[in-house]
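In what follows, a single structure is set out as structure tokens and then discussed.
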Amino acid sequence: MTAPRIDTDTLRRLPKAVLHDHLDGGLRPATVVELAEAVGHTLPTTDPDALAAWYYDAANSGDLVRYIATFEHTLAVMQTREGLLRTAEEYVLDLAADGVVYAEVRYAPELLVKGGLSLPEVVGTVQEGLAAGMAKAAAQGTPVRVGTLLCGMRMFDRTREIAELVVAHRDAGVVGFDIAGAEDGFPPADHLAAFAYLRRENMPFTIHAGEAHGLPSIHQALQVCGAQRIGHGVRITDDIVDGKLGRLAGWVRDRRIALEMCPTSNLQTGAATSIAEHPVTALKDLGFRVTLNTDNRLVSGTTMTREMSLLVEQAGWTVEDLRTVTVNALRSAFLPYDERKALIEDVVLPGYRSVL
Ligand SMILES: [Zn+2]
């Protein structure tokens with residue numbers, strides 16, 4: 001039995017929620033080229049199409065460390081106020097064009113201070129750009145709400161400082177914290193001071209875990225650090241044998257811990273082998289709180305519409321499945337409960353009802 005085809009235009013119009021998308025991985029290729037010229041940064045190519053292809057190829061290495069290395073060129077053009085304002089505004093407009101109604105954007109402020117901006121200036125400037133984008137998106141009839149997650153880099157020692165930055169900006173659009181960067185050799189528990197501080201401040205956080213590294217990283221992120229969600233988490237399948245859940249997998253499913261899954265990105269870093277076989281489908285079917293995400297739209301050459309379309313075409317997903325992961329994302333968003341409920345009931349469900 002084959003699922004009915006859902007055309008791309010319909011998919012694009014469906015309301016979407018994305019919890020895992022990096023600001024510095026989602027720039028428009030033409031913007032990277034223009035901003036690089038303005039700041040005198042040398043790129044592998046100055047042709048926007050060739051640059052997009054370069055990113056995709058470089059990211060397709062099957063290795064998380066090389067994937068991360070491609071960010072050098074986007075970060076290089078985001079060190080000025082102009083660069084940050086433009087990339088943040090365009091980021092929101094691109095999501096709106098993709099049918100996204102709620103997004104959590106994440107980035108590491110400590111990687112954006114080479115041009116002389118202070119950490120609070122970086123955060124304030126990005127919020128300004130996001131607000132401009134949200135105003136424009138609303139004016140053109142495609143409103144999108146964007147909350148910000150600030151990332152501490154797991155290989156550096158500024159995570160406690162970034163956690164304080166999160167709390168300081170909690171009333172200015174920052175909704176949570178994350179740690180990012182290469183997993184191997186940098187376990188989440190190295191950053192316990194940051195996580196303990198956030199818990200004392202009642203501030204939620206997610207942790208990149210179970211992508212390059214297996215079950216111990218997921219266990220540590222949840223049970224030692226106290227994460228409310230897991231970035232990727234694909235390796236939770238190591239704790240599931242013939243559909244039977246181990247203790248940790250059971251905890252993740254039964255406590256409704258959201259898994260921020262990013263299929264295309266996982267293929268590129270070698271965390272999964274194909275869309276058809278990607279664990280997102282089996283985990284969805286087992287009742288996990290699976291969410292669908294882009295991770296890095298430029299670097300992975302993707303959009304939410306594309307991720308949905310791949311799952312529909314190659315893994316047999318239905319519109320109901322797409323609605324499930326969208327509602328899942330909003331249930332686990334770092335927004336107040338009443339706002340999540342309103343987005344689900346007033347925006348997402350009516351949007352899916354119109355095509356079901
Ligand atoms: Zn990520």
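For reference, positions follow the sequence shown, starting with 1. Order of listing sets the numbers, starting from 1, for every ligand and every atom in it.
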Do [X] and [Y] pair up side chain to side chain, a donor and an acceptor below 3.5 Å, judged on atom types alone?
X      : Y      : value
Glu90  : Thr31  : yes
Arg306 : Thr264 : yes
Thr281 : Trp317 : yes

Polar protein atoms (N, O or S) that approach the Zn ion (ligand 1) to under 2.8 Å: His20 NE2, His22 NE2, His208 NE2, Asp295 OD1
Mutual orientation of the aromatic rings belonging to His20 and His232 [parallel < 30°, tilted 30-60°, perpendicular > 60°]: tilted
Ring geometry between Phe177 and Phe195 (parallel below 30°, tilted from 30 to 60°, perpendicular above 60°): perpendicular
Ring-face cation of Arg229 near Phe205 (centre distance under 6.0 Å, axis angle within 45°): no
